J.: 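A single structure is presented below for examination.
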Amino acid sequence: MKMTSTMLALAMATIAPAAQAHVTLDQATGLAGTYQKLAFRVGHGCDGGATTGLTVSLPEGANAAKPMPKQGWKIDIANSGNLHEISWKGGSLPDAYFDEFVMQVKLPETPGKLYFRIVQQCGKTSVAWDEIAADGAARPKAPAPVLEVLPAPAGTATHQH
């Protein structure tokens, strides 16, 4: 079968996101002042190695974080001063698979962008997904996941369900 340029373009579009996958957020937006489920998607290991840990640093304004347990992984919650981190450690996510690490967070009352610093551990190797592109600049090599906090419509419930 001869591959047409359209078929080739479709094939590349399917392959390219996987090849460029990073630690990303499952959702792009959330409402100010509400509780939001955040799923951090790990698309690959580190240079072929299995992911053995993931640490999420919460940006200022994101509060009351509660991680979702993950079978085979130990959760650590660190709150000291301005440092608020949630870590999953001790599991193994082979490079050939993807998975999500989930938490619930209370979003700030003020709209804007929240950048989450992530450190992905693969045995003795780690990768920091913490770069933030300046306006108009090229996409960083190791981008931090970002959530756009939007104004909540009047009457939106902000309590935990």
Side-chain angles (χ1 to χ4, degrees), residues 9-32 34-108 111-135 137-150 160-161:
L10 285 172
M12 291 307 291
T14 305
I15 294 169
Q20 296 177 0
H22 301 298
V23 177
T24 59
L25 267 171
D26 189 31
Q27 58 283 346
T29 62
L31 297 177
T34 65
Y35 284 86
Q36 176 79 38
K37 174 185 165 188
L38 301 177
F40 295 90
R41 188 172 291 157
V42 176
H44 59 77
C46 313
D47 293 326
T51 298
T52 57
L54 192 79
T55 299
V56 178
S57 295
L58 299 172
E60 189 175 328
N63 298 303
K66 291 183 178 184
M68 181 181 286
K70 195 166 194 48
Q71 188 170 352
W73 297 78
K74 181 182 176 231
I75 296 174
D76 183 42
I77 301 170
N79 289 309
S80 63
N82 290 335
L83 178 66
H84 302 286
E85 293 182 337
I86 295 180
S87 297
W88 289 264
K89 295 180 181 175
S92 181
L93 173 59
D95 184 55
Y97 300 98
F98 84 96
D99 203 350
E100 294 177 333
F101 295 78
V102 181
M103 69 176 71
Q104 176 182 276
V105 211
K106 174 104 189 284
L107 298 180
K113 290 184 179 183
L114 292 180
Y115 292 92
F116 294 83
R117 183 180 186 277
I118 308 290
V119 176
Q120 180 182 10
Q121 192 72 38
C122 300
K124 294 181 181 180
T125 304
S126 66
V127 176
W129 302 101
D130 61 356
E131 296 176 10
I132 299 169
D135 288 336
R139 182 175 178 201
K141 185 175 180 178
V146 62
L147 181 76
E148 179 75 29
V149 179
L150 304 173
Q160 182 176 355
H161 294 281

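Sequence positions, counted from 1, serve as the residue numbers for this chain. This one's a predicted model, so the numbers in the text were calculated from it and none came from an experiment.
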J.: Walk me through it: do Val56 and Met103 pass the test side chain to side chain contact (heavy atoms under 4.5 Å, CB included)?
T.: CA-CA 10 Å; Val56 178; Met103 69 176 71; 3.8 Å; yes
J.: Atom NZ of Lys66 and atom CD1 of Ile75: how far apart are they, to the nearest 0.5 Å?
T.: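 Result: 12.5 Å between the selected atoms.
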J.: So, do Pro111 and Leu150 sit near enough that their side-chain heavy atoms are less than 4.5 Å apart?
T.: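 Contact flag for Pro111/Leu150 side chains = no.
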J.: Could you state the interatomic distance from CG (Asp26) to CG (Leu38), rounded to the nearest 0.5 Å?
T.: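 Reported to 0.5 Å precision, the distance equals 9.5 Å.
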J.: Do the side-chain N and O atoms of His44 and Asp95 include a donor-acceptor pair separated by under 3.5 angstrom?
T.: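 Result is no, nothing qualifies.
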J.: Looking at side-chain heavy atoms only, is the closest gap between Leu25 and Leu147 below 4.5 Å?
T.: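 Yes, their side chains come closer than 4.5 Å.
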J.: How about Phe116 and Trp129: are their ring centroids closer than 6.0 Å?
T.: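 Judged by ring-centre distance (under 6.0 Å), Phe116 and Trp129 do not meet the cut-off.
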J.: Please examine the side chains of Glu131 and Lys141, heavy atoms only from C-beta on, and report whether any two atoms are closer than 4.5 Å.
T.: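 Yes, close enough: below the 4.5 Å cut-off.
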J.: Can you find a heavy atom in the side chain of Ile118 that is under 4.5 Å from one in the side chain of Ser57?
T.: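 Result no, sub-4.5 Å side-chain heavy-atom pair not found.
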J.: Mind listing the closest non-hydrogen atom pair of Ala62 and Leu114 along with its distance?
T.: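 Residues Ala62 and Leu114, closest heavy atoms: CB-CD1, 4.4 Å.
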J.: Could you state the interatomic distance from CG (Leu107) to OG1 (Thr34), rounded to the nearest 0.5 Å?
T.: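 So the gap between those two atoms works out to 5.0 Å.
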J.: Could you check whether any side-chain heavy atom of Asn63 comes within less than 4.5 Å of a side-chain heavy atom of Val105, counting everything from C-beta outward?
T.: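 No; the side chains remain at least 4.5 Å from each other.
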J.: For Gln121 and Thr52, test the side chains for any donor-to-acceptor distance below 3.5 angstrom and give the result as yes or no.
T.: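 The criterion, which ignores hydrogens and geometry beyond distance, is not satisfied for Thr52 and Gln121.
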J.: Evaluate the criterion side chain to side chain contact (heavy atoms under 4.5 Å, CB included) for residue pair Lys113 and Glu148; output intermediate values, then yes/no.
T.: CA-CA 5 Å; Lys113 290 184 179 183; Glu148 179 75 29; 2.9 Å; yes
J.: For the OG atom of Ser87 and the CG atom of Leu54, what is their distance to the nearest 0.5 Å?
T.: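 Rounded to the nearest 0.5 Å, the OG-CG separation comes to 8.0 Å.
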J.: Between atom CZ of Phe40 and atom CD of Gln120, what is the distance when rounded to the nearest 0.5 Å?
T.: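 Result: 13.0 Å between the selected atoms.
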J.: Taking atom CZ of Phe98 as the centre, does the number of heavy atoms from other residues, nucleotides or ligands within less than 6.0 Å exceed 12?
T.: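 Check fails, neighbour count at 12 or below.
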J.: Evaluate the side-chain proximity of Gln36 to Gln27: yes if any heavy-atom separation is below 4.5 Å, no if none is.
T.: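 Yes, close enough: below the 4.5 Å cut-off.
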J.: Work out which heavy atom in Gly45 is nearest to a heavy atom in Cys122; give both atom names and the distance.
T.: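 Scanning both residues, the minimum pair turns out to be C-SG, 3.9 Å.
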J.: Quick one, Val42 and Glu100 - any side-chain contact, counting heavy atoms below 4.5 Å?
T.: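 Side-chain contact under 4.5 Å: no.
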J.: With a 4.0 Å cut-off on N to O distance, would you call Lys70 and Asp99 a salt bridge?
T.: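 Salt bridge present between Lys70 and Asp99.
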J.: What is the minimum heavy-atom distance between Val149 and Pro108, and which atoms define it?
T.: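 Here Val149 and Pro108 meet closest at CG1-O, 4.0 Å.
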J.: Hey, are Thr55 and Glu85 close enough side-chain-wise for a donor-acceptor pair under 3.5 Å?
T.: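 There is no such pair (donor and acceptor under 3.5 Å, judged by atom type) between the side chains of Glu85 and Thr55.
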J.: Is a donor on one side and an acceptor on the other found under 3.5 Å between the side chain of Trp88 and the backbone of Pro67?
T.: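 Answer holds: no.
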